[in-house]
Each structure stands twice: as C-alpha cells, then as structure tokens.
2 protein chains.
Amino acid sequence: MRPTVNDIAREAGVSLATVDRVLNARPGVREKTIKAVNDAISRLGYVRDLSAANLARSRTYRMAVVLPDTESQFVQTLADTFQDAGHLVATARIDLSLHRFPPEDPHALAALLLDLPARGYAGVALMAPETPVLRDAVRSLRARGLPVVALVSDLPNTGRDHFIGTDNRAAGRTAGVLMGRFLGGGPGQVMVIGSSLLARDMIERRRGFDEVMLRDFPGVSVLQSLETHGSGRTLRQVVTEMLANAPDVRGIYAMGDGHRALTQAIQELGLSGKLTVICHELTPHTRKALEAGEITAVIAQNPGHLARSTLRVLRAKVDNLPLDEGQEQIRIEVLLRENLPPTPSDAPDSATEATSTAA
Amino acid sequence: MRPTVNDIAREAGVSLATVDRVLNARPGVREKTIKAVNDAISRLGYVRDLSAANLARSRTYRMAVVLPDTESQFVQTLADTFQDAGHLVATARIDLSLHRFPPEDPHALAALLLDLPARGYAGVALMAPETPVLRDAVRSLRARGLPVVALVSDLPNTGRDHFIGTDNRAAGRTAGVLMGRFLGGGPGQVMVIGSSLLARDMIERRRGFDEVMLRDFPGVSVLQSLETHGSGRTLRQVVTEMLANAPDVRGIYAMGDGHRALTQAIQELGLSGKLTVICHELTPHTRKALEAGEITAVIAQNPGHLARSTLRVLRAKVDNLPLDEGQEQIRIEVLLRENLPPTPSDAPDSATEATSTAA
DNA sequence: TCGGAAATGAGGTACGCACCTCAAAAATGC
DNA sequence: GCATTTTTGAGGTGCGTACCTCATTTCCGA
C-alpha cells in the first residue's frame, strides 16, 4: 500500500497534527521537526493523495477566463471549449466563468480585471494585447495574489505567471518553410495579412516568417504586412486591389483572422487553388476552405488542449504546485487537407467524466 | 453546492442505499425505482464526485502495457514515458506495469497475454502486429472481461476495445502531400522504406502515401517498398545500392524505424540536404537529423499523449465509463526544423497530477 | 389471503486528508 | 527556577462516495 500521513507520523516519530502542519506549511513547527518529517516523507516515498486532499478541502476555486469579444471563429471555439469544460467543477473543484471584453477598449478590460479579486476569483486566464493599462492591471492582480495566465498571445512584460499557447515565432517560421517550399523557392511575391499588428502573436509570427523567408528563400519577396483591424470589408477590398495589381503574388500568409473575406476575394478573382494560402487556426471556415483547396495549409493550436492546459495550470498556480511542462506545451499543428482530423463538432459533448447508471 | 447522493435520495424519495444500488448498477432495484432515481439525477444535474468515489473504492487496478522488445528509439521513448507515468498510481488508482515481448515471436506474446488475467490484471494496452495467434489471445482476454487497447498499430480484427494512435492512413497521406509538394511535383523517383510490411501501421501509411502520390503528383514515380525487417545493416546496404543506381531518386519516405542507418547511408553518399526525406516519429536521432537538414520532415505522434490517453482510456474501459473522444484523438504532428519543440528530454515527467510536499 | 421472494431502508465503517480545539510538553528568557 | 512562549500531541469532525449487514416493507403468484 501507499504510505499515508499516519505512516509518516509513525516513521518520523511525531503526531499526525505535526505532519499536517508540515505538509500544509502551517506555522509553529521547529526547523528540526520539519526536517524530520520531510526525511520520513522521502524515506517512505510518500505522495499526497490529491483525491483525498481535494475532497477534504471541499473548497472550489473561482477562475476567470477573459477573452476578447470579437467575432473571430477561433475565439468563439475557444470560448465554447471553456464553456464545456465548465463541468470540470466536478472533478477539479474549479468554478470557471467566461468574460468577454470589447477588443478596442483596454480600459474596460482593466476595469474588468481589477474587479475580479473583490468578486472572489482566485486566478485569471487572459487573452489580450499588451497595453500599458493592461500591464498595470496584471501587475496589480498578481500583487494581490491572483495568478495570471496569458492565453494564445503572450504578455511577457506583465510578469504573468505562465503563457499557454504555441510559440508564435516558431509558428511563423513553420508558415515560412511551408510557403517557401510549396512555392518551390522560385521567384514570386507573398502577401502577408494580419488583423492588428500590435498584438504580440502577430508580431512574432511575422518575425518568424520573415526570418525563414529571408534566410532560405531569398528568391521570394515578401510584401509589407496589410493591417485589417479585424474588418472583413477592409480585408476584402485591400486583397482584391492588391491581387489585381500584382500578378506576381503567388502566396498569401494570413497571420490572423478574417479568413472568410480572404477566401471570398480569392474566389471572386478566380484564383482558387492557384495561390498557396497559409493561415492560422482551424475553424469551421478554414476547415471547409482547406477541404475545397482554397487554403493550402493551416497552422493551428488545438482549443481543447488550450482549455485543458489552462485549467491545469491555473489550478497548479493557485495551489502552488509544480507543473508538468511537457504536458503543458501547446504544439504547433500543421493541417493539410490530408490530415484534417475528423470533425467532432456534432459528437455529444460529454463532461470529462460522465455519470454511469446501469447499462 | 453540487448535489450529492443524499440530495438525490431526498429528491427521488428513496433511501441512500437505493441510490447507491442504482449508481453502481447493483441488482435488486425495480425498473420503476431506477427511473425515479435517474430522473432525480438529471433533474439535479448530479455528477459523481470522482475524487470521493476513487477514495472510497481505494482499489487499484493493475494494468499491463505490452510493447515489442525492439531497439527502436520510438518504442523506447514510449516505454520510458509509461514508466514515468507509473507514478500515476497516486491519483488514478492505476498500477501500471510494462511488458516486452520478442518481436518475432507471436506465440511468446500470446502466452504472455493469456497469463495476465491470472496475475490479477484488469486491462491491457498492446502494441503488436496482428497475427492469428494474437487475434485469438485478444479475443480470449476480452471474453474474460479484460479490456484490450491497441497502441500505435491498430488491431481491427481482434475486437479490441479501442485504438490509440494516429490515423496511419492519414499520416501516410500527409507524408505524400509533403513529399509531392516539396519535390515541386516535378519528375523524379521516391523510395519507400518500411521495417516490416506486415504491420498494419506500415500498410496503412503506404496506402495513404500512394493514394496522394497517384492522385496529386502523377509526375513522381513511387518505387516499391523496401523491407528491412528492422535490420540497420540491410537497410543501409539496400539504400546505398539503390541510390547509387537510381540517380532519379529525389525523395525517400521511411515509414518505419531504422533511421540511423538511413541517414548514415545518405551522408556517405554525400546526399545530405539534396534529398527530401520524410520519416516517422520524433526520437533523439530524428531530431538531430532534422536539425542538421538530413531529414526534411518528421510525421510524429506524441508519446506523452499516447501514454496519457492510454491510461485514461484503460481506466474508462475498466470502469465502464464513457470517453471524451475529442481528448483521446492522437493528432498527426508535422515536424520541421522550424517547429521542433524544445527538448524536454531531461524535464522530469511527472504524472498527470503532480505531487506536492511542502514547498 | 398468505407465503416466499424481491425490493427497500436504516445505519454503519472506511478511504486519506484538511482543519479545528484544547491540553500538555518542551524550549526559552530572565 | 520560574513564568512565558513556542511546539507538539491527542482527538475529533467532515468531505462524498463505496460497500456492507440486517431488518423491514412491498410485491407477486398460488
């Protein structure tokens, strides 16, 4: 059998109460005694039974997930995934709630964040561009003891506790190799489109992309980034114009969202399948476009992994537990028409663990 | 607060004992009463508290993971991952043990398997080629109530309870697109190498590869598969000969293992970087070769995911619980030099739930 | 209508841990 | 050596569920 707290007490020659004090870092124990207990722990190879511990605590942590309120399908999918994972309350004593903020209003976001501690939250996961107000808000939260986790787009200068998402620079590099190789390295131009060039994820993707293109595919010239500010209208207009005037454009790298407008523009110009189009995130739309050959490749991060990882990390941070870094790495997925995962969209979304009644 | 069994009892107007009987599918309850309880359950939205349930059960299930005893680095990594996850005993009341069998001796494997029930095992995960003896052994296990999970290579005709691994056909297709596009679709020959052409995963990869090459890249001619039977010696010899005599070979698709010999042969012939080489699985060696540019792309499945998924699935099967299909899908990873994950090789692989003793 | 079988209730113990209280022992300062 | 503070011990309760026993009630068929 696995050793229990009682075994430790016996082994260390102390009482249960003392073991408990040491295990939970409660005050009032001499250094010497702490050491004795820890020695016993390592001698017996004791491992705290988390099921029992959580049960005994029977305290649930309120966690906030804060996402921008854009119409982006990716963000929407992410929101849905978190929503579904809310049932996780069951097993991990986490009470999750979703918050959205107007993407163009950093002050509203800051206000939202700063209100969280008062409302009893114990941790926050946040997807937002790094602005000065945001930086202050995050710092303030952390000062009050709330762990803050950056989601999808990192917030390196805020002191966030963790970043959950792909390495966007590497994602950009990956897009670069694929683009370069798919174009055969030959001459031609590549358009780069991003929603907002301020968001850290965009910047890093662009940097990674350029890095590879310059180094490995000097024959291909990469045009300046086009900024669309999330507006499909703008995107479509700009792309149409651009493509009409630049016959040398053989590839498009869409770093952000607004893919619908993009593929529409391509279709209208009759360029479907003639361009190498690489974009990010698997959404219903990009899936369809991939299947139809309108998009060549999608660089994606799995929303399910993001959500699960977020919850694990938040829990670990709140409890001050170590992480399994390997498990928390969000991989960069390369999706082609040929390796599209079967759509689980209409599969009933069961909770992580379901209740079984008689068969 | 979440509803508990007591709430259900009250809501359904029955006693706790009856609720328990229904929840755990024990006999001696009228249909009508079962329904009443289930109604109460859904009305209250009851979800069994797994922490408490596992605690109360305090029974651990012995699970066997059975892997071939080859020197393949991938299998080795997999074995290590399982080994590390053995600490999972802690949280999921799973007692995991690893078994290896001589890859060329299906009878030894069958004997090993058939001995498991007597030794108190409650479930098996198995990576092995499908032979008639194996089929019978698996059927026998399942008849005795042991769930059997196929690992990496599916065993479709054995009635296995689940398959954990990538869709190998899709993996082959992915290799195909990459090969075709990287070659620019132009003329040339592609060598295909596999360790054993009997293993289901090899067959499916080859099928997927051919499918794409024939359909989308008719200009590229794909040579017959070379079988190496896991021998590096044979592989090296065959490849060297082949490459020397066929100057048109521009790409190599290595479906299985033995990459070391392959890259050696390529190096010796001075063809490093001049061929498009695609192979499977991320191992220390393929990582290095990828970084050095000797291998162009690696199609991989993540051993950590495989191991974790295996444990979750085994547990669910043993407990007769439903699965979260989405989470159990093993994605096909496309690895290029540009998106190689940082090596976590020396990061300690803690179990799904980490242990914390005093900080 | 009665008897046996089936269904249900009442209540208990255990799982491993967190957290509480109060008393007793040990260490400390003077 | 005494009073004071710090440390430790003993013991209890509860978390939500599993699983057990034994008594009681309800059901069904003859």
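For clarity, every value in this text was computed on a predicted model and none was experimentally measured. Within every chain, numbering begins at 1; the chains are lettered A, B, ... in the order of the sequence lines, protein sequences first and strands thereafter.
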* Per-nucleotide protein contact string for nucleotides 16-30 of chain C (B base, S sugar-phosphate only, - none; heavy atom under 4.0 Å) -> BBBB-------S---
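At least one side-chain nitrogen or oxygen of B:T18 sits closer than 4.0 Å to the OP1 or OP2 atom of C:dG9.
Here A:R100 pairs with A:D69 under the salt bridge (charged side-chain N to carboxylate O under 4.0 Å, His left out) rule; sequence neighbours left out. Residues meeting the side chain to side chain donor-acceptor pair (under 3.5 Å) test with A:R331, sequence neighbours left out: B:E333. With sequence neighbours left out, A:D20 forms a side-chain contact (heavy atoms from CB on, under 4.5 Å) with A:N24, A:R26. Here B:R62 pairs with nothing under the salt bridge (charged side-chain N to carboxylate O under 4.0 Å, His left out) rule; sequence neighbours left out. Taking A:S140 as the reference, A:L114, A:R144 meet the side-chain contact (heavy atoms from CB on, under 4.5 Å) condition, with sequence neighbours excluded. Legend: residues meeting side chain to side chain donor-acceptor pair (under 3.5 Å) with A:S97, ordered by chain and number and at least two apart, are A:H99, A:Y121. Residues passing the side-chain contact (heavy atoms from CB on, under 4.5 Å) test with B:S15 are B:A17, B:T18, sequence neighbours excluded.
For DNA chain D, the contact window with chain A, defined by any atom under 4.0 Å from a protein heavy atom, covers D:dT7 to D:dG16 in 5' to 3' order.
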* **Verdict with supporting geometry, B:F82 and B:T310, side-chain contact (heavy atoms from CB on, under 4.5 Å)** => CA-CA 9 Å; B:F82 274 111; B:T310 301; 3.7 Å; yes
